[in-house]
2 protein chains.
Amino acid sequence: MTVAEKTIGCVKAATDILGDKWTPQLLRFFANEESLRFCQLQDLVGGINPRTLSARLTHLETAGIIEKTTNESSTRCDYRLTKKGTALLPIIRDMERWSSHYETV
Amino acid sequence: MTVAEKTIGCVKAATDILGDKWTPQLLRFFANEESLRFCQLQDLVGGINPRTLSARLTHLETAGIIEKTTNESSTRCDYRLTKKGTALLPIIRDMERWSSHYETV
DNA sequence: CCGAATCCAAAGCGATACTG
DNA sequence: CAGTATCGCTTTGGATTCGG
């Protein structure tokens, strides 16, 4: 495996997450709220359908970016960022900075 | 437009670029070589078909991330990063760092 | 050498309805 | 509340061929 190929694989791990539609937005909401539930995310994002939201959360949980806490005494469950997920926030902010600086929106 | 929606749009501008397959790799090669031709990129990436490579280059050029220089005296043309494109490299490197730190590859 | 044109398979995503 | 099931459209990207 060449250095270039190894580099490629590393980029891919991040873009696999950040390249998905809705995912950067979802992570931003966790930055503010710390703990969120399914329907809260649904309301915050506005327009995402449950099928897609479920897929995103599963993906993020599998990747170790968020963790799910099911409350025994109710049907509620909370999602919150892991350390790995929190470490992703500065990158998202840099992407925003880059966009707002160069993009003429 | 809410603050959240504006934020979303800003992230989108960056993920529209970095979320595309092959694109982060392509940009990394420009970081090393400064100026590259179509067939060079084809060889470096290895496995990308001309249709897709062409689409990526067009997208990047339209977004102002690379610029194309057609040499009059031949059929060759060079692609190189703009300042906007160069400003994207640190973000890609951060993504690599994040991946290699948290990912158990 | 640098692509554009065509064709096709696979994946992504939304709308809606339904379940524990 | 927290999802899953089904369906079908739209987009993406690969294979291949051809032209300037």
So which atom in [X] and which in [Y] form the shortest heavy-atom distance, rounded to 0.1 Å?
{"X": "A/G64", "Y": "A/T82", "answer": "O-OG1, 2.7 Å"}
{"X": "A/F30", "Y": "A/Y79", "answer": "CE2-O, 3.1 Å"}
{"X": "A/I17", "Y": "A/H59", "answer": "CD1-NE2, 3.8 Å"}

[X] side chain near [N] phosphate (N/O to OP1/OP2, under 4.0 Å):
{"X": "A/T52", "N": "C/dC13", "result": "no"}
{"X": "B/R76", "N": "C/dC2", "result": "no"}
{"X": "A/W22", "N": "C/dG14", "result": "yes"}

Tell me: [atom1] of [X] to [atom2] of [N], nearest whole Å?
{"X": "B/Q42", "N": "C/dA4", "atom1": "CD", "atom2": "P", "result": "13 Å"}
{"X": "A/D16", "N": "C/dG12", "atom1": "CG", "atom2": "C1'", "result": "14 Å"}
{"X": "B/F38", "N": "C/dG3", "atom1": "CZ", "atom2": "C1'", "result": "5 Å"}
{"X": "A/I48", "N": "D/dA2", "atom1": "CD1", "atom2": "P", "result": "15 Å"}
{"X": "A/L57", "N": "C/dC13", "atom1": "CG", "atom2": "C1'", "result": "16 Å"}
{"X": "A/D20", "N": "C/dG14", "atom1": "CG", "atom2": "C1'", "result": "15 Å"}
{"X": "A/L44", "N": "D/dC1", "atom1": "CG", "atom2": "C1'", "result": "16 Å"}
{"X": "B/L53", "N": "D/dG13", "atom1": "CG", "atom2": "C1'", "result": "13 Å"}

I want to verify a distance call: between [options], whose nearest atom is closest to the [X] side chain?
{"X": "A/N49", "options": "D/dA2, C/dG14, C/dG3", "value": "C/dG14"}
{"X": "A/P50", "options": "C/dC1, D/dG3, C/dA4", "value": "D/dG3"}
{"X": "B/Y79", "options": "C/dG3, D/dA2, D/dT4", "value": "C/dG3"}
{"X": "A/R56", "options": "C/dC13, C/dG3, D/dG3", "value": "C/dC13"}
{"X": "A/K21", "options": "C/dG3, D/dG14, C/dC13", "value": "C/dC13"}

>> Quick check: on DNA chain D, is the nucleotide nearest B/G47 upstream (toward 5') of the one nearest A/K68, or the reverse? Name the residue that is more 5'.
In response: A/K68

> Taking 4.0 angstrom as the limit, do B/E33 and B/R80 come out as a salt bridge?
Replying inline: no

> Between the side chain of A/S35 and the main-chain N/O of A/D78, is any donor-acceptor distance below 3.5 Å?
Replying inline: no

> Is there a donor N/O on one and an acceptor N/O on the other, under 3.5 Å, for the side chain of A/R51 and the base of C/dG14?
Replying inline: yes

